[in-house]
A.B. asks: 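I have a structure I would like to understand better, so I am pasting it below and will then ask my questions one at a time.
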Amino acid sequence: MSTNKIGRRNFLKNTAIAGGGLVIGFVIPGIADAKQIADSTTRFVPNAFLRIGSDDSITVIIARTEVGQGISTTLAMLIAEELDVRPATIKMIQAPAAKEYVNIFFGFQSTGGSTGAQAEIDRYQKAGAAARSMLIQAASNRYGVNAEECRTEDGNVIIGQNRISYGKLVDDAAKLPVPAAEAVKVKDPGKWKFIGKNYRSIDTLEKINGIAKYGMDIQFPGMLTAVVDRGPVLGATVKSFDATKAKAVPGVIDVVQIPTGIAVLADNFWTAKLGRNALEIQWERGPNANRDSKLLLEEYRKFAATDVQTITKAGNIDEAFSKADKIIEVEYDLPFLAQTPMEPLTCVVKLSPDKCEVWTGTHNPEFDQLAASKITGLKLEQVFINTVYSGGSFGRRNTNDSHYVKEAVELAKASSNKLIKVVWTREDDVKGGTYRPVFLHTAKVGLDKNGIPIAIKYTLVGESVVIGWQYEKMIMTGFGFDFTVVSGIVDSPYLKVIPNHHLGYHLTKNTNSVGSWRSVGSSHTVFGIESLIDEMAHAAGKDPVAYRRELLKGFPRHLAVLEKAAKEARWGEPLPAGRARGVAVCEAHGSYVAQVAEISVSPDGKLKVHKVVCAIDCGLVLNPQAVRAQVEGGIVFGLTATLYGEITFKEGKVMQNNFHDYRMVRMNEMPVIETHLVPGDKMGGAGEAAVPHIMAAITNAIYAATGKRIRKLPVFAGDWKKSTINL
Amino acid sequence: MIAIKVNGKTYNLDVDPGMPILWVLRDKLGLTGTKFGCGAAQCGACTVHLNGDGIRSCISPVSRAIGKEIVTIEGLDAKLRKPLEQAWIQEDVPQCGYCQCGQMMAAAILIRDKANPTDEDINDAMTGNICRCGTYQRIRKAIHVAANLKKQTIK
């Protein structure tokens with residue numbers, strides 16, 4: 001997950017490389033065996049995104065990975081709209097690894113940064129419109145009428161009284177030239193039947209009746225399940241091992257050493273896990289052997305004070321601080337966070353001398369293909385990545401180093417069993433890294449006698465999630481620093497309106513244990529800056545919404561969502577004793593979001609989140625229903641991190657294990673969430689846009705209720721059993 | 001050999017009696033609608049019915065099912081399944097969907113036992129089921145809808 005800002009900067013370059021928006025061609029290069037995803041009725045393959053069968057079946061190839069964000073329904077809607085079919089009649093298939101499916105914002109095949117709908121709108125609209133024009137051409141040729149006399153409706157070309165279904169036209173249409181992308185006209189938005197209106201997810205039924213096959217559900221006759229011991233510490237390596245007891249477990253078929261550890265294979269998960277429990281392994285604990293979360297913070301404080309790269313600056317902060325009427329100096333601490341998607345990682349590999357097939361939920365099939373090719377020595381076209389349903393991701397399956405695919409391919413290569421499924425346990429997942437990194441923020445603000453900020457020094461210390469990864473080059477060459485770390489603050493309107501400012505960053509050593517976590521940089525920056533603004537408002541003796549309104553007056557999209565959220569949450573209206581509201585507003589992933597949380601704290605410190613009102617301006621809304629779902633989901637995801645989320649290390653070990661000590665918000669803690677869509681122009685993302693604001697909205701509300709300022713997340717830090725605030 | 005009855009069908013299986021029902025269902029019978037989420041009775045993705053009670057199949061040894069009847073999402077009675085499916089579709093509940101079979105199985109018991117579940121009943125019945133996508137608000141609404149649909153079908 002990167003940010004769309006980077007995407008936009010690279011857009012022209014990348015599209016030039018990728019060869020334009022609509023990739024036209026009846027033969028799809030990169031798919032050696034196109035039949036693998038086409039059935040015998042498929043006749044008409046106008047482009048890489050759409051197939052129409054002689055049985056009237058319409059299949060849309062989904063270029064971005066469906067991880068629950070609803071992108072498949074949205075992309076199907078775009079084609080359905082242009083093709084004049086009902087979206088619900090469309091069959092959706094996840095794209096294989098192939099260059100046709102690159103994310104045009106990135107230049108490689110990747111799902112991330114909440115870019116899906118923004119990046120794909122043109123290609124999918126044009127894919128549908130091109131197919132429609134070819135079907136019309138086929139019908140007009142057959143009936144000897146002008147194309148202008150034909151219209152389309154619900155999967156049919158209509159000429160006078162005749163209705164010809166698309167399926168009856170596909171053989172003729174397939175012989176016609178595909179129109180050039182620039183010649184394809186898409187519908188006028190005023191004529192949209194589906195886009196912009198609520199449309200329910202097309203794939204709900206199969207997800208609730210047990211039919212949908214997630215990676216975990218992929219099974220083949222003869223397949224073995226593997227469970228891997230990866231050691232007690234991230235990055236540990238095997239010194240020696242004894243598999244005698246593991247092999248003695250009835251049903252264990254093999255024990256195999258692979259680069260990441262020791263794999264135990266059986267014909268089912270349970271036996272493999274019993275075998276793993278019986279392994280005796282001596283570990284080389286490696287570079288993370290003594291890692292301790294408590295020591296990290298002390299180290300980070302030193303960096304913040306001594307060694308900082310300037311990201312952006314203006315004016316003279318020291319001079320301004322000396323003139324300030326009031327100085328605020330604070331620090332904010334944020335922990336490691338795991339994504340914990342409901343489906344733990346899994347990867348199925350079938351390896352033969354001339355073919356490597358992979359079934360997995362992944363954001364980056366192209367990288368996985370490359371990785372598998374390198375390990376097996378097979379050519380790229382001999383490696384087939386089948387992207388299957390992911391039971392969530394939140395960044396966990398956006399690895400870029402393809403580590404869980406590599407591991408499974410290494411196992412298939414090393415084992416005499418060539419059809420294997422690696423299954424991660426929940427503990428493997430919780431302890432397995434790609435965490436949102438720990439961050440320390442230090443801030444110093446000078447206010448004038450009216451409480452208006454005249455100077456700010458804001459410093460971030462923490463690890464980058466792109467160093468050493470495939471994104472690194474793209475991001476670091478574009479900005480000279482990791483943009484994803486500072487997104488949410490580098491472009492903050494607050495910095496722009498404070499004449500003397502300095503934003504600094506200390507990049508800490510890469511520990512190979514961090515990764516993308518839903519909303520990436522904003523997941524920590526928004527908490528910091530929106531807590532700080534609240535502290536400034538209170539120091540100035542001003543209402544937090546009024547104070548923000550004053551600072552944001554030159555930023556209409558921020559202002560519009562702030563006003564909407566405040567109005568709908570009845571900001572300023574009296575509440576019963578113990579109840580209070582807190583607010584946060586920020587741009588994230590190109591969308592403008594404000595949230596107001598209404599909470600109460602009992603006299604003994606028990607917190608209840610009653611309601612969250614969210615206003616979002618994400619520009620053009622393709623499917624309001626899907627945006628609302630992402631806002632609700634994003635808020636719950638952010639709320640879990642606010643209250644409970646915390647991965648800690650002691651003597652190198654991750655101290656959390658499973659959902660009992662890496663707690664999730666559950667039904668009984670669920671606030672009412674109210675989402676308001678605010679119209680706006682430029683399109684932004686939805687999947688990650690509403691995640692970070694809730695953190696500061698909650699802690700700002702806690703301050704309003706109790707006078708206690710929480711500057712360290714999670715709110716219930718230090719003990720997973722904790723559920724009261726120390727007042 | 002262990003004889004168990006799943007969705008009305010009897011199976012004679014040569015499995016370790018300590019193997020959790022979850023892995024018998026998934027890896028021995030190919031019934032993959034019951035999901036593995038935590039292996040520790042923490043998330044509810046593996047919820048099935050054992051003689052009509054909701055259980056966490058990931059920690060329940062198959063020996064516990066001897067002489068009893070297991071119902072999974074694949075075999076859920078239409079009287080419960082239909083209203084739940086309709087409500088889940090109407091409220092557009094799932095995102096990734098991975099936890100939803102478990103949510104449905106937990107909700108099925110609730111609407112079977114309570115004609116008019118309150119929000120408090122829903123908290124009690126559903127708090128053991130985690131949804132990482134955060135669809136709780138929609139699940140709550142869908143349960144109210146399903147309970148109403150079920151009453152309409154009975155009439």
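The sequence lines fix the lettering, A, B, ..., with proteins before strands; numbering per chain opens at 1. These numbers come from a predicted model, not from an experiment.
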A.B. asks: What part of A:A629 lies closer than 4.5 angstrom to a heavy atom of chain B: side chain, backbone, both or neither?
C.D. replies: both

A.B. asks: For chain B, which of A:R426, A:K207, A:R666 has the most heavy-atom pairs under 4.5 Å?
C.D. replies: A:R666

A.B. asks: I'd like to know whether NZ of B:K28 has more than 12 heavy-atom contacts from other residues, nucleotides or ligands below 6.0 angstrom.
C.D. replies: yes

A.B. asks: Around B:R112, counting heavy atoms of other residues, nucleotides and ligands shown, do more than 12 lie under 6.0 Å from its CZ?
C.D. replies: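 Check passes, neighbour count above 12.
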
A.B. asks: Let me know if A:E206 has heavy atoms under 4.5 Å from chain B in its side chain, its backbone, both or neither.
C.D. replies: neither

A.B. asks: For the residue pair B:Y98 and A:Y214, categorise the inter-ring angle as parallel (less than 30°), tilted (30 to 60°) or perpendicular (more than 60°).
C.D. replies: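 Correct class here is perpendicular.
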
A.B. asks: Where does B:D16 contact chain A at under 4.5 Å (heavy atoms): side chain, backbone, both or neither?
C.D. replies: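 It is the side chain, since no backbone atom gets that close.
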
A.B. asks: Give, as side chain, backbone, both or neither, the part of A:N658 having an atom under 4.5 angstrom from any heavy atom of chain B.
C.D. replies: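 Just its side chain gets close to chain B.
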
A.B. asks: For B:M19, which atoms come within 4.5 Å of any heavy atom of chain A: side chain, backbone, both, or neither?
C.D. replies: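 Both parts, backbone and side chain.
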
A.B. asks: Does any backbone or side-chain atom of A:L274 lie under 4.5 Å from a heavy atom of chain B? Answer side chain, backbone, both or neither.
C.D. replies: side chain

A.B. asks: Of the backbone (N, CA, C, O) and the side chain (C-beta and beyond), which part of A:Q625 lies under 4.5 Å from a heavy atom of chain B, both, or neither?
C.D. replies: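 For A:Q625, heavy atoms of backbone and side chain both lie under 4.5 Å from chain B.
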
A.B. asks: Quick check: do B:I73 and B:M104 have side-chain heavy atoms less than 4.5 Å from each other?
C.D. replies: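 When only atoms from C-beta onward are counted, B:M104 and B:I73 do touch, with a gap below 4.5 Å.
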
A.B. asks: State, without any angle test, whether A:T74 and A:N623 hold a side-chain donor-acceptor pair at a distance under 3.5 Å.
C.D. replies: no

A.B. asks: Tell me, for A:K213 versus chain B, whether the close heavy atoms (under 4.5 Å) come from the side chain, the backbone, both or neither.
C.D. replies: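 The side chain, not the backbone.
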
A.B. asks: Under 4.5 Å from any heavy atom of chain A, what part of B:R140 do you find: side chain, backbone, both or neither?
C.D. replies: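 Contact with chain A involves both backbone and side-chain atoms of B:R140.
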
A.B. asks: Is A:P671 in contact with chain B via its backbone, its side chain, both, or neither, using a 4.5 Å heavy-atom distance?
C.D. replies: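 Only the backbone of A:P671 comes within 4.5 Å of chain B.
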
A.B. asks: Select one option (side chain, backbone, both, neither) describing which atoms of B:T127 are under 4.5 Å from chain A's heavy atoms.
C.D. replies: both

A.B. asks: Looking just at side-chain N and O atoms, do A:E427 and A:Y662 make a donor-acceptor pair shorter than 3.5 Å?
C.D. replies: no

A.B. asks: With a 4.5 angstrom heavy-atom cut-off, which part of A:R663 approaches chain B: side chain, backbone, both or neither?
C.D. replies: neither

A.B. asks: For A:S390, is it the side chain, the backbone, both, or neither that has a heavy atom closer than 4.5 Å to a heavy atom of chain B?
C.D. replies: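 Just its backbone gets close to chain B.
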
A.B. asks: Does the gap between the ring centers of A:F220 and A:W359 come in under 6.0 Å?
C.D. replies: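 Here the rings of A:W359 and A:F220 have centres that are less than 6.0 Å from each other.
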
A.B. asks: Measure B:I122 against the heavy atoms of chain A and call it side chain, backbone, both or neither at under 4.5 Å.
C.D. replies: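 Contact with chain A: backbone and side chain both.
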
A.B. asks: Which class fits the ring pair A:F269 and B:F36: parallel under 30°, tilted 30 to 60°, perpendicular over 60°?
C.D. replies: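 Geometry flag for B:F36 against A:F269: tilted rings.
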
A.B. asks: Please determine, among A:K273, A:Q630, A:Q69, A:M223, the option with the most heavy-atom pairs under 4.5 Å with chain B.
C.D. replies: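 It is A:Q630.
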
A.B. asks: Does any heavy atom of chain B fall under 4.5 Å from the side chain of A:Y389, the backbone, both, or neither of them?
C.D. replies: neither

A.B. asks: Would you mind checking which part of B:Q90 comes under 4.5 Å of any heavy atom in chain A, side chain (CB onward), backbone (N, CA, C, O), both or neither?
C.D. replies: both

A.B. asks: When you compare the side chains of B:H144 and B:N116, does any donor N or O come within less than 3.5 Å of an acceptor on the partner?
C.D. replies: no

A.B. asks: Answer yes if the side chains of A:S72 and A:E66 hold a donor-acceptor pair under 3.5 Å, and no otherwise.
C.D. replies: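 Yes, a side-chain donor-acceptor pair sits under 3.5 Å.
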
A.B. asks: In terms of heavy-atom proximity below 4.5 Å to chain B, should A:T340 be classed as side chain, backbone, both, or neither?
C.D. replies: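 Looking at A:T340, backbone and side chain both touch chain B.
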
A.B. asks: Taking atom types as modelled and ignoring hydrogens, do the side chains of B:T47 and B:R56 form a donor-acceptor contact shorter than 3.5 angstrom?
C.D. replies: yes

A.B. asks: Evaluate the side-chain proximity of B:K35 to A:E343: yes if any heavy-atom separation is below 4.5 Å, no if none is.
C.D. replies: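 A side-chain contact under 4.5 Å is absent here.
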
A.B. asks: Relative to chain B, which segment of A:V423 carries a heavy atom at a distance below 4.5 Å: side chain, backbone, both, or neither?
C.D. replies: side chain

A.B. asks: Indicate yes or no: at least one non-hydrogen side-chain atom of A:L639 is less than 4.5 angstrom from one of A:L643.
C.D. replies: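 In short, these two side chains touch, coming nearer than 4.5 Å.
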
A.B. asks: Tell me, for A:M216 versus chain B, whether the close heavy atoms (under 4.5 Å) come from the side chain, the backbone, both or neither.
C.D. replies: both

